[in-house]
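Report on one structure; see the data block that follows.
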Number of protein chains: 2
Amino acid sequence: MEPIRARLNDCISQMPPSPIRELFRIAHDPAIISFAGGHPDEKLFDVEGMKAAYSHVFDTQGGRAMQYGVTDGEWELRQAAAQRIRGTGISAEASNVLITSGSQQGISLLAHTLFNPGDVLLCENPTFMSALQAFGMHGIEFVAIDTDEGGIVPEALEAAIHYYRPKALYTIPTFQNPTGITMPASRRDHIAQVLSESDMWLIEDDPYSELRFTDERVQPISADPRVADRAFYLGSLSKVLSPGVRIGWIHGPDEILERVTVTKQGTVIQSSTIDQLAVAHYLETNDLDKKLEPVRETYRQRMRTQVDALDRVLPTGSYIAEPSGGMFVWVYLPERYDTSELVYKAIDAGVIFVPGAPFYMENPNYQSMRLTFVSAEPDVIEEGVARLATVF
Amino acid sequence: MEPIRARLNDCISQMPPSPIRELFRIAHDPAIISFAGGHPDEKLFDVEGMKAAYSHVFDTQGGRAMQYGVTDGEWELRQAAAQRIRGTGISAEASNVLITSGSQQGISLLAHTLFNPGDVLLCENPTFMSALQAFGMHGIEFVAIDTDEGGIVPEALEAAIHYYRPKALYTIPTFQNPTGITMPASRRDHIAQVLSESDMWLIEDDPYSELRFTDERVQPISADPRVADRAFYLGSLSKVLSPGVRIGWIHGPDEILERVTVTKQGTVIQSSTIDQLAVAHYLETNDLDKKLEPVRETYRQRMRTQVDALDRVLPTGSYIAEPSGGMFVWVYLPERYDTSELVYKAIDAGVIFVPGAPFYMENPNYQSMRLTFVSAEPDVIEEGVARLATVF
């Protein structure tokens with residue numbers, strides 16, 4: 001068996017499994033309170049509504065639902081997606097929407113279609129580690145851009161463009177994962193201007209913006225007409241309807257999306273016709289925004305509970321970034337701690353979080369940690385933080 | 001807008017859309033009788049059974065179904081897949097099964113995980129063009145192996161291994177697409193021996209074997225213990241239950257599948273939890289083999305109708321390869337014809353087929369054409385062949 005093993009190891013596709021996914025396995029232990037991962041609370045899912053949508057599709061167009069569909073997505077779902085995207089301020093049409101099996105597929109398809117190995121991608125540091133995994137699989141090099149409390153610093157972006165000649169910027173401007181930072185409108189305006197003067201793509205990932213805790217909504221950078229020729233806006237139903245159904249989308253210039261569609265054709269042919277038609281029907285017959293209102297309020301209360309509880313127990317000198325939406329609280333402990341080690345003590349104490357270091361592509365902060373507040377009810381959050389308090 | 005366009009064109013991922021998918025668009029015109037594509041007949045789908053399976057899942061585990069799942073697949077479905085794989089003669093366990101969103105994803109994940117750009121893959125010539133598309137997207141080089149009426153010639157395989165040092169063999173040994181050829185057991189035995197002496201992988205694609213028209217079943221090459229350390233066996237429910245649901249699987253050595261799972265994690269995170277649980281429940285509560293019996297008989301009759309009708313109208317000197325299962329009839333016309341041109345005349349006459357040339361990676365045969373017999377009822381097949389008769 002040796003020669004075949006040797007050849008396996010002679011392959012570039014060597015990458016460690018995502019540390020976050022490994023933690024997910026531990027997090028499944030019911031004895032452990034999980035602040036890791038980003039699983040929406042199942043009790044808030046509209047199971048009855050989804051059941052009805054699937055039944056309707058099987059009753060009215062079962063043959064079509066079980067048949068091959070098209071690579072770019074069923075037209076009804078592209079229309080429903082375009083409508084949701086228009087709600088953010090982007091003047092979207094269904095013809096500019098490619099349906100994906102979740103945002104991760106969208107990132108992966110863009111990585112495959114727009115980049116050559118060795119191309120440079122600019123990112124926030126820290127950023128969403130699964131995006132780094134998807135880009136990294138295609139041999140893309142990452143360069144961190146300076147950020148502050150308002151996100152990417154435009155002057156730093158400008159300098160990086162001239163120095164590295166990057167192919168694209170990847171950013172999560174709203175309720176960023178993991179930091180929770182939201183880029184203000186004036187900053188987005190400046191970023192759009194800088195991008196419009198460059199020859200690079202914008203990949204704007206926006207899975208969390210509908211989970212806002214205030215009435216304030218900031219338009220995506222992609223809504224700016226100056227970047228319309230280069231902006232890819234990624235949306236997903238994972239955080240607002242169901243992660244299990246795997247429905248997301250890319251909005252972008254249609255002639256480029258045609259190329260992305262060819263990549264999708266070669267990698268998966270199409271997304272599930274059944275899921276697409278059921279979700280399209282669900283979105284047509286339900287007011288998702290209205291259904292999200294109590295979810296937002298529930299998550300806001302849980303965030304409040306978690307931040308207040310952490311504030312009481314974290315060591316002096318800790319910093320808690322309170323988010324105005326999304327799913328995560330980001331924390332810096334004092335210098336004497338290393339969260340990569342602390343997490344094992346925490347697991348022993350019956351609680352788990354995600355150490356911050358793996359979110360960094362360079363200069364990791366070992367005192368950082370990410371905690372989700374969406375998965376558990378307030379009393380469980382209190383208990384989890386009480387367990388966490390024992391490890392300091 | 002020019003600089004950004006220029007950078008797009010500076011990208012390796014330049015590939016034409018699959019010609020077969022382009023033909024699908026035309027084939028959707030209801031005025032045209034389609035022998036193109038490979039769409040199972042919707043009227044044979046078990047819509048009621050699938051509706052019941054989805055409803056059951058929402059009723060009994062709706063929260064889990066709508067939640068994130070695991071990358072390698074829901075355990076119940078891995079068990080159901082292992083059981084189906086054991087039915088072929090492979091001693092499969094659920095732990096050796098990775099669920100994929102259809103076989104195309106399986107091919108794509110293996111291409112990404114096992115190969116470096118420039119590595120050589122051996123294939124039948126002609127072969128399934130979408131597989132070539134998936135492998136080609138990763139910069140893999142193809143080398144055709146000599147085949148005869150029993151499929152791959154073992155001596156040719158041996159010679160190619162020594163000359164090219166290929167990374168893998170890709171083969172569809174049963175009811176091959178597009179030729180319909182099935183490799184006999186003795187040939188498979190010989191191929192397994194040659195592979196076992198090499199340091200290369202076997203990628204065995206088997207989407208059609210359950211659509212057999214006789215009682216004869218030949219074990220997959222992957223069932224041979226000599227290749228157990230290197231055999232990846234791809235199965236799919238697309239041809240026997242539903243293509244729209246996008247459920248397939250890879251059986252292989254578990255420690256290698258772990259790496260493939262990491263690739264899947266980076267590209268799509270997971271397949272639809274809803275679809276997986278519904279299909280697992282469907283397979284647990286239905287006897288799919290029993291349900292397939294009338295489908296096999298229906299397709300066999302349609303094949304008979306198509307072959308007999310073609311035999312009456314094709315020009316003298318044509319060759320019709322009558323398959324003993326699967327979905328396709330493969331035809332060679334006399335030398336004066338070019339099916340790549342003839343297909344446009346056929347469309348004008350109201351019928352469509354797939355020209356054979358795109359299935360070849362080298363030395364295309366321009367007289368070849370592929371016709372499916374599964375999509376239409378016998379009288380429609382007769383009418384389609386009658387229309388085809390007018391173009392010669």
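Chain identifiers are assigned alphabetically (A, B, ...) following the order of the sequence lines, protein sequences preceding nucleic acid strands; residue numbering begins at 1 within each chain.
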Bottom line for A65(A): the part with an atom under 4.5 Å from chain B's heavy atoms is backbone
Next item on the list: With the side chain counted from C-beta on, respond yes when R246(A) and V268(B) share a heavy-atom pair under 4.5 Å apart, and no when they do not.
Entry: no
CZ (R64(A)) and CD (E42(B)) are apart, to the nearest 0.5 Å, by 9.5 Å
ask   = Is there a side chain to side chain contact (heavy atoms under 4.5 Å, CB included) between K51(A) and Y54(B) once you walk through the steps?
value = CA-CA 7 Å; K51(A) 180 190 169 189; Y54(B) 278 81; over 6 Å; no
Taken to the nearest 0.5 Å, the spacing of M137(A) CE from T113(B) OG1 works out to 6.5 Å
query: Taking side chain as C-beta onward, heavy atoms only, is P40(B) less than 4.5 Å from Q67(A)?
result: yes
Correct closest heavy-atom pair for M50(A) and I274(B) would be CE-CD1, 4.0 Å
Tightest non-hydrogen contact, residues S238(B) and Y68(A), listed as CB-OH, 4.0 Å
Greatest number of non-hydrogen atom pairs under 4.5 angstrom with chain B, of S103(A), G248(A), S242(A), A278(A), falls to S242(A)
Rounding to 0.5 Å, atoms CG (D59(A)) and CD (E48(B)) come to a distance of 7.0 Å
**Request:** Check step by step if side chain to side chain contact (heavy atoms under 4.5 Å, CB included) holds for M66(B) and V47(A).
**Result:** CA-CA 8 Å; M66(B) 289 176 69; V47(A) 173; 3.9 Å; yes
- request: Verify the ring-centre separation between H112(A) and H112(B): is it less than 6.0 angstrom?
  value: no
One should read off an interatomic distance between D275(A) CG and D275(B) CG, to the nearest 0.5 angstrom, of 3.5 Å
The ring-ring contact (aromatic ring centres under 6.0 Å, His included) partners of F232(A) (sequence neighbours excluded) come to W201(A)
From the list T263(B), T267(B), I269(B), side chain to side chain contact (heavy atoms under 4.5 Å, CB included) with S108(A) holds only for T267(B)
Correct closest heavy-atom pair for G266(B) and A134(A) would be O-CB, 3.3 Å
### Query
Is S272(A) close to S101(B) at the side-chain level, that is, under 4.5 Å between some pair of heavy atoms?
no
Residues pairing under salt bridge (charged side-chain N to carboxylate O under 4.0 Å, His left out) where one sits in residues 263-274 of chain A, two or more places apart or in two chains, turn out to be none
